[in-house]
**Student:** 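Quick one: structure below, then a few questions.
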Protein chains: 2
Amino acid sequence: MSGKRASEADPARSLALLWGSHSRPGRSGLTVRAIVEAAIGIADADGLDAVSMRRVAERLGVGTMSLYTHVPGKAELTDLMVDTAYGRLYDDVDAPSAQPGGWRGGMEFVAARNRDLYRRHPWMLQVPGGRPALGPNASLKYEAELRPLDGVGLSDVEMDSVLALVLTHVEGTARLGAGMARAQRDSGMSETEWWTVNAPLLDKVMDASRFPVASRVGEAAGREHQGAADPAHALAFGLARILDGVAALIAGR
Amino acid sequence: MSGKRASEADPARSLALLWGSHSRPGRSGLTVRAIVEAAIGIADADGLDAVSMRRVAERLGVGTMSLYTHVPGKAELTDLMVDTAYGRLYDDVDAPSAQPGGWRGGMEFVAARNRDLYRRHPWMLQVPGGRPALGPNASLKYEAELRPLDGVGLSDVEMDSVLALVLTHVEGTARLGAGMARAQRDSGMSETEWWTVNAPLLDKVMDASRFPVASRVGEAAGREHQGAADPAHALAFGLARILDGVAALIAGR
DNA sequence: CGTCGTACCGTACGTAGTACGAAAAGGCTA
DNA sequence: TAGCCTTTTCGTACTACGTACGGTACGACG
């Protein structure tokens, strides 16, 4: 009955857990790291909704409530999952600033890596937003991703804005892709199958003459993408426009 | 125990409900429209998570299970909520294609209207993705938003791509804003308050010298935006870049 | 060997979606 | 009016969730 929403983690607890050297195994071998790893495994396989405290505990062979000895609650566990997932984004040798193609090549690399991240961990798109948990890996990520933009003629504020723009775009298109993948899993039908089944139903119910542009464009796009949308194309097309726009901003100096 | 995920609606049932003239009041006056309106009212006030079948029924003064006579389940109800919310986006007189400033003005109008939509109905950002439910209002929206791009030198596929890019950007920045608003509500602290409280804690735990660019840029951005991020600025900045990029694409013809 | 701090976890409460089947209210024909 | 039938309404119950609470048992230390 306390005023605490399950969706909002205690920031201080999260921060301590995130940055602290949490490694005292306890007597059953239970560790924060093990809990987080188990949760990520479940989320990778079955989505964030499938991550229940019961199921995490079961996977670790411990009682459900034992988890609470190491982790304050599910919200903080989610924070830990996110920062851990950020952990393997960039190696030292493989930094965005080490990519060819200048700032543009760097941003393309950032976009590709983040796309891969969301592909591997689609559950990250389901994490409830709010104040982002500034863990060590998130900080490392921010640093690495800003570097290609440093010294190219953008102000500090603009550097932040450009990176945010790119990341928002990648997240948006990844969300599209994850949604399509989930729809495919849940319905058991591929995108094309679904449309061939449901198109007649839609035709019967909607009068295409009321939507002349929409039906023309929608059909063209559907044919091109073999479905309602194509996340890979959306990512590439949008990123090209965005980086062109950023180039124009830089050139305008 | 059936194989149906609660997150995936039956498309045929949704389509029939969406397009059908569902208006047989039943003997308690219960209507699909009334159910949807009640659900939207709850979602507007307390978020999508607060929309439970029990609470919707309570608001309407009927038994919980009576809802299932009119609506197959919660997933389909969500589809109906979304299409209904789309309903009041554009009046006939107020269409994007009637805006000044050509295609660019039209897209800026589309962006502003969608931003307002997400501001009024933040729960739309929590709707689980998947195959979008093609209701009448979604179709109208697609038609209205494509029109400013018609005949400006883009191919049909490019028209779809540009619109998707703009809408993805608006959704992404709206998500940022909704997250910040929710964090503020849950924590009871404004953005500046939160950072003044938690900055010392972060300083203690992270070594700023390991993140030279990040700490410099982050501090500049934080000062500029009076917080970790500024959704309004992110929307405007990103939209300007995107439309510059689209202009370059058109000019390249 | 006794004591204590901590890790562990069984039970229980309140929340959710919805399956099932009973009950009740009209609408119809005879 | 009586009887029946279709449809709407909804009480109960099942599973699954996060986690508060309180008991138990292990390992270290005196």
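A note on names: the letters A, B, ... follow the listed sequences, proteins ahead of strands, and every chain is numbered from 1.
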**Student:** Does any part of the side chain of V110(B), heavy atoms only, come nearer than 4.5 Å to the side chain of Y90(B), both counted from C-beta?
**Tutor:**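 Side chain of Y90(B) against side chain of V110(B), heavy atoms only: contact under 4.5 Å found.
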**Student:** Would you mind listing every ring-ring contact (aromatic ring centres under 6.0 Å, His included) that reaches into residues 112-139 of chain B, with sequence neighbours excluded?
**Tutor:**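 Qualifying pairs, neighbours excluded: H121(B)-W123(B).
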**Student:** What's the CZ-P distance between R55(B) and dG17(C), to the nearest Å?
**Tutor:**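 Spelled out: CZ on R55(B) to P on dG17(C) is 12 Å.
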**Student:** Of all of residues 61-73 of chain B, which get a heavy atom below 4.0 angstrom from DNA chain C, listed by number?
**Tutor:**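 Those residues are T64(B), M65(B), Y68(B), G73(B).
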**Student:** Any idea how H233(B) and H225(B) line up, ring-wise: parallel (<30°), tilted (30 to 60°), or perpendicular (>60°)?
**Tutor:**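 Tilted: the ring planes of H233(B) and H225(B) meet at 30° to 60°.
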**Student:** With sequence neighbours left out, which residue pairs that include part of residues 125-144 of chain B fulfil the salt bridge (Lys or Arg N to Asp or Glu O under 4.0 Å) condition?
**Tutor:**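 Every pair satisfying salt bridge (Lys or Arg N to Asp or Glu O under 4.0 Å) with a residue in residues 125-144 of chain B: E191(A)-R131(B), K141(B)-E145(B), E143(B)-R147(B).
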**Student:** With 3.5 Å as the limit, what N/O pairs link the protein to nucleotides 22-25 of chain D?
**Tutor:**
none

**Student:** Report which part of the nucleic acid V56(B) touches: base, sugar-phosphate, or nothing (heavy-atom distance under 4.0 Å, all strands).
**Tutor:**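 Counting heavy atoms under 4.0 Å across all strands, no contact is made by V56(B).
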**Student:** Quickly work out the D49(A) CG to dA16(C) P distance and round it to whole Å.
**Tutor:**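 That distance rounds to 16 Å.
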**Student:** I would like to know whether E37(A) and T84(A) meet side chain to side chain contact (heavy atoms under 4.5 Å, CB included); could you show each step before the answer?
**Tutor:** CA-CA 8 Å; E37(A) 223 73 60; T84(A) 302; 4.3 Å; yes
**Student:** Any heavy-atom pair between the side chains of N137(A) and L140(A) that's under 4.5 Å?
**Tutor:**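 Heavy-atom side-chain distance check passes, below 4.5 Å.
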**Student:** Figure out the CD/P separation between E58(B) and dG17(C), and round it to whole Å.
**Tutor:**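 About 13 Å, once rounded to whole Å.
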**Student:** Can you tell if the side chain of D44(B) reaches within under 4.5 Å of the side chain of R120(B), non-hydrogen atoms only?
**Tutor:**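 They are not in contact (no side-chain heavy atoms under 4.5 Å apart), so the answer is no.
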**Student:** What is the separation between atom CG on L77(A) and atom C1' on dC17(D), rounded to the nearest whole Å?
**Tutor:**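 So the two atoms are 15 Å apart, to the nearest Å.
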**Student:** Just the rounded figure in Å: distance from C1' of dA19(C) to CE of M53(B).
**Tutor:**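 Answer to the nearest Å: 13 Å.
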**Student:** Bend across the helix from dC1(C)-dG30(D) to dA30(C)-dT1(D), to 10°, with axes taken over 5 pairs at each end?
**Tutor:**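 Rounded value for the end-axis angle: 20°.
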**Student:** Show your reasoning for whether side chain to side chain contact (heavy atoms under 4.5 Å, CB included) applies to R182(A) and Q126(A).
**Tutor:** CA-CA 12 Å; R182(A) 202 165 60 78; Q126(A) 302 175 254; 5.7 Å; no
**Student:** Quick one, T168(B) and R175(A) - any side-chain contact, counting heavy atoms below 4.5 Å?
**Tutor:**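 Side chain of T168(B) against side chain of R175(A), heavy atoms only: no contact under 4.5 Å found.
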**Student:** Among residues 34-48 of chain B, which ones have heavy-atom contacts with DNA chain C below 4.0 Å?
**Tutor:**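 Close to the strand, none.
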**Student:** Using atom CG of L60(A) as one end and atom P of dC9(C) as the other, report the distance to the nearest whole Å.
**Tutor:**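 Those two atoms, CG and P, are 11 Å apart.
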**Student:** Is it the case that atom CD in E193(B) sees more than 12 heavy atoms from other parts of the structure closer than 6.0 Å?
**Tutor:**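 For E193(B), atom CD is crowded (more than 12 foreign heavy atoms under 6.0 Å).
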**Student:** Check whether any side-chain heavy atom of N114(A) lies under 4.5 Å from a side-chain heavy atom of E171(A), and answer yes or no.
**Tutor:**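 A side-chain contact under 4.5 Å is absent here.
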**Student:** Rounding to an integer number of Å, can you tell me how far R54(B) CZ sits from dC14(D) C1'?
**Tutor:**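 After rounding, the reported distance stands at 11 Å.
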**Student:** Tell me, yes or no, whether the heavy-atom count around R13(A) atom CZ, taken from other residues, nucleotides or ligands under 6.0 Å, exceeds 12.
**Tutor:**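 Open.
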**Student:** Where do K204(B) and W19(A) land on the side chain to side chain contact (heavy atoms under 4.5 Å, CB included) test, with the steps shown first?
**Tutor:** CA-CA 10 Å; K204(B) 187 162 300 171; W19(A) 291 88; over 6 Å; no
**Student:** Apply side chain to side chain contact (heavy atoms under 4.5 Å, CB included) to L134(B) and L202(A), showing your working.
**Tutor:** CA-CA 8 Å; L134(B) 274 188; L202(A) 245 178; 3.6 Å; yes
**Student:** Rounded to whole Å, how long is the line connecting atom NZ of K74(B) with atom P of dT15(C)?
**Tutor:**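 Rounded to the whole Å, the gap is 15 Å.
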